[in-house]
Amino acid sequence: MFVVVLLGVLALVVGGCVCVVWAERGGPRWVRAVASATLAVGELLRQSDRSRRRSMSRTGGDGD
């Protein structure tokens, strides 16, 4: 079951990347919408990673 979920997530990621490239080349409106959503989710993930790293560096989170 876990493998099926991972394959589904992988398919969404690859599909999002394809839509970003297609939108850059002037794809249809729905492709541009999916590309915008993909880029927004990517930006949210980057921001959450930055804030997590910042909080770990403040607390000395070296895993011990």
OG (Ser51) and CZ (Arg46) are apart, to the nearest 0.5 Å, by 13.5 Å
Value for CZ (Arg52) from CG (Asp49), rounded to nearest 0.5 Å, stands at 5.0 Å
request  = Answer yes if Leu10 and Val18 sit in the same cluster of Ile, Leu, Val, Met, Phe, Trp and Tyr residues linked by side chain heavy atoms under 4.5 Å apart, and no otherwise.
outcome  = yes
In terms of heavy-atom contacts, Ala35 and Cys19 come closest through CB-O, 3.7 Å
Exactly one candidate in Leu12, Val13, Val20 meets side chain to side chain contact (heavy atoms under 4.5 Å, CB included) with Thr38; the answer is Val20
When Val9, Val4, Val3 are each screened for side chain to side chain contact (heavy atoms under 4.5 Å, CB included) with Leu7, the one that passes is Val3
